Amino acid sequence: MNRYDHKAIEKKWQNIWDEQHAFHADDDTSKPKYYALIEFPYPSGQGLHVGHPRPYTAMDIVSRKRRMQGYNVLFPMGWDAFGLPTENYAIKNKIHPKTVTENNIAHFKEQMKSIGFSFDWDREVNTTDPNYYKWTQWIFLQMFKKGLAYKQEMAINWCPSCKVGLANEEVVDGCCERCGTQVEHRRKSQWMLRITAYAQRLIDDLEGLDFIERVKTQQINWIGRSEGAEVDFIANGQKLRIFTTRPDTLFGATYMVMSPEHPYIDDWKDQIENFDEIMEYRKFAASKSDFDRTEMAKEKTGVEIKGVKAINPVTGTEIPIWISDYVLMTYGTGAIMAVPGHDTRDWEFATKFGLPIIEVVAGGDITKEAFTDIQTGTMINSGFLDGMSVEEAKKAIIDWLVEKGIGERKVNFKLRDWVFSRQRYWGEPIPLVYCEHCGGWQALPEESLPLVLPEVESCEPGPDGESPLAAMEEWINTTCPVCGGPARRETDTMPQWAGSSWYFLRYMDPHNDTALASKEAMAYWSPIDWYNGGMEHTTLHLLYSRFWHKFLYDIGVVPTKEPYQKRTSHGMILGSDGQKMSKSRGNVVNPDEIVDEFGADTMRMYEMFIGDFEKAAPWSEQGVKGCRRFLERIWKMQENVSEETGYSKALEVSMHRTIKKVSQDYETLKFNTAIAAMMALMNEFTAAGTVTKDEWKTFLILLNPVAPHITEELWQIAGEPGFLFQQSWPEYDEAKTVEDRISIAVQIMGKTRGNVEIAKEADQEEALAAVRSDARLNALIDGKNIIKVVYVPGRIINIIAK
RNA sequence: GCGGUUGUGGCGGAAUUGGCAUACGCGCUAGACUAAGGAUCUAGUGUCCAUUAGCGACUUGCGGGUUCGAGUCCCGCCAACCGCACCA
């Protein structure tokens, strides 16, 4: 027996798989299909991180198992390669981002190959490839044509020193990450995608999908549907519309609050007595993010608008109008009615500024805090609503508002439209031109796609924060596709999210140049059977891609309403100090070193054994060694395989039980317990001293998805024909998963006092008899009156005796 | 703050979903083999008490409750982690 030389073995099998295109998915419609997907990575300069292989190995296990179960499996890989870090790296090192991307991809690919994933490399996609982003642009154009893409003024983070727009991530404590300058908000006209038009469907269609619950609830909460009403107040003689979820409390509205950005403020400039103060506050609010502005714990700030008043439409009372940063222009109507008696934020605000608080729902003590309970309260001080429950009052007031023509029922969503413009180079060009003559934005003809990203000398943004493309006059100046006159190209690019919103469709038919994928390929492969990814993508990528897919469904491009049938999520791998791995903490583990020293199979196994797949787990070098030891013991076991066939009597139950356990655990993300079960079986093999050929073969097949190289090698050494990865998944016999005689726990008065061995199908009488025949246990109940016996077959017998 | 989640030995974690808490692995202790062991094998290993011995007591973040029986269900606390819309 040779020693276990992981390097030679792994290289050997990886080459064989490559040469044979062993994991290529045919469009073979005679077999049932299985589409397993993991989120394609952003190929960063740091290379693969030990966190990446965790989900990849998990879905690789599922894919390898499915192939053995007779499925035609699509398990693809690609690159989500546009984005900010590449561009910043390119600027800093004066290398073209395309070159940076190519290098990073080559590195990632080599690393992935060394881990032995069964990806179908013939279907690799790359979002920065013009043949790919041609279709990203095509989808955008369809959205534009359907009115789902529109331009709007939006605030962006602006570093006045670097003269560049910043991503939220590049803003640390309100300052620029690179130079530390205080970040300002600038308004800029941006392309937006109307995801809000799909808000209700994005909630409704979750039903029937096999997504883990926390993903569903997180998406539902993010979309944030709330039912309420819009009501017109009269402010400074004109209608000022507000949204409220508590129209029942209208009688308690003692003042109004507007967002500092509300356009009425400018309209009222001449009436407002303290306009300068208002403008100052607006500037102050603009320096903060929405996140900071809405933070509950912070001290409330605000300014009263002097010189203008509002009228409460139900009481006719004149009330003051304030501005405050906690009211956002992006939610509702940008103005609220404040009911300090029954809203926590309003209560704090009113208390701080000495505004009146009126109780309109009885049941709490509004001198101490706002009473917000909607179940138990009764309406008071509310005219015709008095005596009603909150629920009844909501209906009654909305009917009243509708009748008077000053309000209506309204459903609002927290979800906001998607800011789709970036003033950056390394992204898909937006295929639109602006034509003065035609008076607006015009779509490029579809035949002219892709609109290729022009070569630039430098991808640094322009002096006013415009896209680097804005400096390319030759490229910008073009002709209008409608009138043929002069027109200018859009210089903003798309965000990285664009390419990742439909990549799973491209895998179905990656080389098609007449459609994003053929109808046949999509009909066969849709939907994705299992998509695993990080929880951090739940409310952005996962939601964005569902939105795009629904749009494509509406225009008849894709065959299903939803892209993903099943969604699961993995936990993060932390550094050995329990902290998130990061260069600055110095706790990053490089997978190459693990593969080199211990082997890919060891690393794959350790990443699956490290803990609950869905939870974060800290890396441990000792744990890696433990897995390596297990593989060494398996390697040695090859010497103890007999010529006998079938399962031996001594191991029969364990074999069936382990097949059952491992088969189930691979389906339910319990990879750690599947491996534990195989370790336990291996311990039994060791204790038995020898195993039959069939026991060995079954064991190798079960382990193959986790450790594909060593098992394939051992299969060959055992002289078995064919490749291991082409074998059939083993079956088990349920009846043979339990011993004939089993041990059950005996409790007396609820305390565990011992065990008795009984037949597996024994009834309560027999179980009790067994307890009686055990002298020690019997002594505890002898002479006592048995009041109650609880017998759970196969588990426990509990005897209550006095 | 809002939303999502987690809390079990020295460590990673397991527990058929209300039924023998601590499977499996790591670490540790002792022994074997050895020139050597940071290799391998064997045995032991929750805490406390007792030790000629156990039918002993306690234990799943903290405090209550339901139940024959609670890590699991209910109520109230505490702590930690993830996301928050231009990172991917």
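What you see is a predicted model, and the numbers here were worked out from it, not measured in a lab. Below, read A as the first sequence line, B as the second, and so on, with proteins coming before strands; counting in each chain starts at 1.
Here A:R628 lies out of heavy-atom contact (under 4.0 Å) with every strand. Nucleic acid contact class of A:Q423 (heavy atoms, under 4.0 Å, all strands): base. Using a 4.0 Å heavy-atom criterion, one finds that A:L540 contacts the bases of the nucleic acid, with or without backbone contacts as well. Among the atoms of the strands shown, none is found under 4.0 Å from any heavy atom of A:L777. At the heavy-atom level, A:H537 lies under 4.0 Å from base atoms of the strands shown. Within 4.0 Å of A:N798, counting heavy atoms only, lies at least one base atom of the nucleic acid. A:Q747 comes within 4.0 angstrom of a base, heavy atoms only. Here A:Q622 lies in heavy-atom contact (under 4.0 Å) with sugar-phosphate atoms only. Residue A:E87 is out of contact with every strand shown, counting any heavy-atom pair closer than 4.0 Å. Nucleic acid contact class of A:T538 (heavy atoms, under 4.0 Å, all strands): none. Among the atoms of the strands shown, only primed sugar atoms or phosphate atoms (P, OP1, OP2) are found under 4.0 Å from some heavy atom of A:M572. Within 4.0 Å (heavy atoms only), A:N755 reaches at least one base atom of the nucleic acid.
The partner of B:A43, taking Watson-Crick or G-U wobble pairs whose two distances both stay under 3.5 Å, is B:U29. Nucleotide B:G18 is matched to nothing when pairs are restricted to Watson-Crick or G-U wobble geometry with both distances under 3.5 angstrom.
With P as the reference atom, B:G69 and B:C20 are 15 Å apart, rounded to whole Å. Between B:C78 and B:C62, the distance separating the two C1' atoms is 7 Å to the nearest Å. Rounded to the nearest Å, the gap between the C1' atom of B:U59 and that of B:U8 is 10 Å. For the C1' atoms, the distance from B:C24 to B:G31 is 24 Å, rounded to whole Å. B:U72 sits 27 Å from B:G25 when the P atoms are compared, rounded to a whole Å. Comparing B:C11 with B:G37, their C1' atoms sit 24 Å apart, to the nearest whole Å. Using C1' as the reference atom, B:U22 and B:G27 are 16 Å apart when rounded to the nearest Å. Rounded to whole Å, the separation between the C1' atoms of B:G46 and B:A15 comes to 16 Å.
Ring-centre distance between A:F609 and A:F630: not below the 6.0 Å cut-off. Here A:W79 and A:F40 keep their ring centres 6.0 angstrom or further from each other. Note: A:W635 and A:Y4 meet the aromatic proximity criterion, with ring centroids under 6.0 Å apart.
Using a 4.0 Å cut-off, no side-chain N or O of A:K625 falls inside it from OP1 or OP2 of B:A39. Contact annotation: A:K580 side-chain N/O to B:G83 OP1/OP2 distance is under 4.0 Å. The side chain of A:R629 contributes an N or O atom lying less than 4.0 Å from OP1 or OP2 of B:C26. Listed pair A:R424 / B:C87 fails the phosphate criterion, with no side-chain N or O lying under 4.0 Å from OP1 or OP2. Side-chain N/O atoms of A:K615 include none lying less than 4.0 angstrom from OP1 or OP2 on B:G4. When the side-chain nitrogen and oxygen atoms of A:T752 are compared with OP1 and OP2 of B:A21, one or more of them lie within a distance under 4.0 Å.
Listed nucleotides B:A88, B:G83, B:C24 differ in distance to A:Y42; the shortest reach to its side chain belongs to B:A88. The side chain of A:I156 lies closest to B:C86 when the candidates are B:C86, B:A88, B:C24. Looking at the side chain of A:N221, the nearest of the listed nucleotides B:C86, B:G3, B:C20 is B:G3. For A:R753, counting side-chain heavy atoms from C-beta on, the closest listed nucleotide (B:G56, B:G13, B:U40) is B:G56.
Checked by atom type and distance alone, the side chain of A:R567 never pairs as donor or acceptor with a backbone atom of A:I212 at under 3.5 Å.
The nearest whole Å value for the distance from the CD atom in A:E621 to the C1' atom in B:G38 is 13 Å. In this structure, the CD atom of A:E632 is 16 Å from the P atom of B:G25, given to the nearest Å.
With rounding to the nearest 0.5 Å, the separation of CZ in A:F108 from CE in A:M77 is 9.5 Å.
The number of heavy atoms from other shown groups lying within 6.0 Å of NZ (A:K414) does not exceed 12.
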Ring pair (Phe, Tyr, Trp, His ring centres under 6.0 Å) assessment of A:F82 paired with A:Y42:
CA-CA 8 Å; A:F82 275 129; A:Y42 176 73; over 10 Å; no
